[in-house]
Amino acid sequence: MIRRPAAAAVMLVALAAILVVPGASGFGAAGGSVTGVGSKDRAVPEGPVVLVGTTGVRWADLKAPVDGVGQELVGGEPSAPPPAPYLAGLLEEDGLAAHLGADAAGLALTTGAAARCPVGGWLALSAGGLAESAASSHADCEEPAVRPAYGPGAEAVVAGWADWQAMQRGSAYGARLGSLGDALEGGCVTAVGAGAAVAVARGDGSVDRYVDDVGPDAFDCPLTVVDAGSVLLTPGELERADAEELRAERVAAVDATVRRVLERVPENATVVVADLANQRGEEPELGIGLVLRPTGPGDPGPRYLTSSATRTTGVARASDLPATLLAAAGSAPSGAIEDTPLVGSADRPAAGAETIDALADLTERDHGRRAAYTVLVTGGFWVALALAAACWWVSARGRATSRARAVAVGAALFLAAVPVAGFLASLTGWWRFPLPGPALGGAVVAIAGLLAGLAALVPSRRPWVRPGFLAGVTFAVLTADGLASTVLNRAAPLGAAPTYGARFYGFGNPTFCVYAVTAVVFAAALAQWLVSRGQRRLAAVAVAGVGIVAMVVDVLPGFGADLGGGPALVPAFAVLGIAAYGGQLRARRIVATTVAGAVLVAAIGVADWLRPAAQRSHLGRFVADVIEGEAWSVLARKAAYAARSVLAGPSVWVTVLLLLAVALVVFTPVLGRKLEPSWSVAARESWPLLRPAVVAVWLLAVIGSLINDFGLRIGMICLLVVVPLVTLAVLGVGNGKSGAVQCRT
């Protein structure tokens, strides 16, 4: 029989082997965290600029195909040139005469209603943010067109501009088309092609200088915007048997157009090549983003691009382009245009192929973890509830056995370890394996199994020990991740996905749920241990300490940067701290601490707003929106997202029922005594702080659901995390007593 210390050592070694050995080469520069973004690192200097826009070109189009996955992994020779050879060649040192090798990034593009039509990308440039591009998801897409100017002083006008303007009225985006064109008023700007005209048109849809194609006078102005064409397919074309061949032809045509344009640009101009739209009906991908600067003394070598909005190496947004163009023109962004120009970050590989592979990997990584998210969250939610229901059914019929209890404990340990395993799996570099999906799944299962095994070795004479251990491990891992600029979040199933554009750094809503719930359970276990030793005052201090750490890591701009976390964390920990001290829970105290949490987060947001615009997180930018009167559109859009969560399906509906049931038991004393099941009574008698912990989690779930755009899915993920921990605690009730082996939940 293996002794516990030896078994624990074996598990720790196995865990290190999984995390450290593959992780040594799992993370490259691309996709990593960026700190200290400043205007001095601007990728596009003041001076002549040529923006070449495409729609539908991806980093995968710049990759040279290799026969077989195995050959690709070992660096086999290309079997054919890439679909876009000229664009790929721009990443080499001699890619464009008199220019450095291109700085590069994957661009997060428009999503949702703004991505219903390809023109949405050009409209987003015009508005400086998301804009409606079609009346509905099934509407036909209109190609942009321009009515040319005739006669001296006449101006070209974008056809259908009034219709697009009308589409924005009443939209949650609150887009102001023509914001970029109006900001450039007084400067000389040339639009080449209809998409370019949409981007630089003024508020009335007019364009000073417009040409259909690149000609002798196309680059007479300091700023030239060129529409280089689209590779996107219509819904009908996607269904054709030759869809892939058709797209390849269009990629080659756009590549040739870019070449023709770039061969004519002035040597002193900075060239920006940017893709602006995703394929309608397909999963979003990061578009290409290139900046080629004129060669000059002391210039840095080729770099990855980023912006203060993403703070991610090699990732920027298409909506960072308006600020980039204005900065190059010597103008300051205003109104809806955020001051987030493209900046340089880490050096990229000198070899273009390595850069292309690294940036293409970012999209593959996002797609892999989005698929894993569905399995982990929805599947884990139902499995956790099924385990709790099975234990209740078995115990209610008096059929519990020691074997049944052991199986239930093992399952609860595993489910409780899965969330943190999802974050730790980032260290394995799972997206670089031949089959990234199975690699991620295998990593999560292996890590969760080892953590569950370690928790099983912990002496469990008290019901709070094992839940406290696993919650503490999760809390410690995510605290370290927050302090390290959320490295693990960038490849975790529950982390933010840049491809989808919702969040690029800090703690997203799912991460907040995992972090906050495990912080509460860990604090409740730690406080209960101190209370059992007669240290109530110290127990309250311990709860406050965990709560302060959670607030700092979750909310501060340099760490979690989670605007909606503070108002939920403060009342949750106040409730638990009062209970640990021996006080009574009262409604007015809960309301007062909730208000205090909102005030605290507002103060942090104001402090962030006081910093220079380029250094602000989205907390400070939201305060700026409030001051400038732009916040209502943001709040309306987030409220619409939250309201739609009601339609997310059975898991959300069950979440509502469970939250209502807990409220009835906890907040209605007379009815609660009648409704509270016997297992709950036994659990709170053995772990008195379990009930306040449940109240705290309830507050996290309800307040979080009400104030975040994730809506009721906040509550669902909170339940996903807390149900296995509570099940584990209930299974541990009476475990220190002889013969107590019931499966009681």
Side-chain angles (χ1 to χ4, degrees), residues 3-5 7-8 11 387-388 391-392 395 400 402 404-417 420 451-476 517-546 573 575-582 676-697 721-745:
R3 295 183 180 273
R4 288 191 177 190
M11 291 182 186
L387 174 63
C391 283
W392 171 82
S395 61
S402 59
R405 181 184 178 282
V407 171
V409 168
L413 287 169
F414 179 81
L415 290 173
V420 69
L451 290 175
L454 288 170
L457 296 176
V458 176
S460 57
R461 290 185 174 275
R462 296 291 184 268
W464 61 81
V465 175
R466 286 175 175 170
F469 173 81
L470 286 173
V473 169
T474 306
F475 176 69
V517 169
T518 55
V520 164
V521 174
F522 171 62
L526 179 60
Q528 190 64 63
W529 177 71
L530 293 169
V531 168
S532 68
R533 284 157 176 74
Q535 301 289 332
R536 277 201 173 272
R537 183 171 298 178
L538 188 56
V541 171
V543 171
V546 174
F573 275 94
V575 163
L576 188 57
I578 291 170
Y581 191 71
E676 187 174 13
S678 59
W679 58 261
S680 176
V681 175
R684 63 183 174 85
E685 288 176 352
S686 298
W687 183 2
L689 288 180
L690 179 60
R691 184 185 180 95
V694 170
V695 174
V697 172
V721 179
V722 78
V723 167
L725 292 170
V726 171
T727 301
L728 189 59
V730 173
L731 290 168
V733 170
N735 194 40
K737 300 178 182 179
S738 176
V741 291
Q742 297 180 6
C743 179
R744 304 176 63 186
T745 188

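These values consider heavy atoms only, across backbone and side chains, with no hydrogens, waters or symmetry-generated copies.
- With hydrogens and angles ignored, the 3.5 Å screen pairs no side-chain donor or acceptor of Arg537 with any backbone N or O of Tyr581.
- Between Leu731 and Cys391 there is a side-chain heavy-atom pair separated by less than 4.5 Å.
- Counting all heavy atoms, side chain and backbone alike, Ala729 lies closest to Pro463 at O-CB, 3.3 Å.
- The two residues Val721 and Thr518 have their closest heavy-atom pair at CG1-CG2, 3.8 Å.
- In terms of modelled atom types and a separation under 3.5 Å, the side chain of Gln528 and the main chain of Trp687 share no donor-acceptor contact.
- Closest non-hydrogen pair, Ala693 versus Ala524, comes out as CB-CB, 3.8 Å.
- Legend: residues meeting ring-ring contact (aromatic ring centres under 6.0 Å, His included) with Phe522, ordered by chain and number and at least two apart, are Phe475.
- The distance from the CG atom of Leu530 to the CG atom of Leu689 is 10.0 Å, given to the nearest 0.5 Å.
- Atoms CG and CG, from Leu728 and Leu470 in turn, are 7.0 Å apart once rounded to the nearest 0.5 Å.
- Contact of the Leu690 side chain with the Trp464 side chain is not registered, since no non-hydrogen atoms from C-beta on lie closer than 4.5 Å.
- In this structure, the separation between CG on Leu576 and CZ on Arg691 is 14.0 Å, given to the nearest 0.5 Å.
- In this structure, Arg466 and Val458 approach most closely via the heavy-atom pair NE-O, 3.5 Å.
- Closest of all the heavy-atom pairs between Ala580 and Ala527 is CB-CB, 4.1 Å.
- Taking each heavy atom of Ala539 and Val531 in turn, the nearest pair found is CB-CG2, 3.6 Å.
- For the side chain to side chain contact (heavy atoms under 4.5 Å, CB included) test, residues two or more places apart in sequence or in another chain that qualify with Ala456 are Leu413.
- Here the CH2 atom belonging to Trp529 is positioned 8.5 Å from the CG atom belonging to Leu538, to the nearest 0.5 angstrom.
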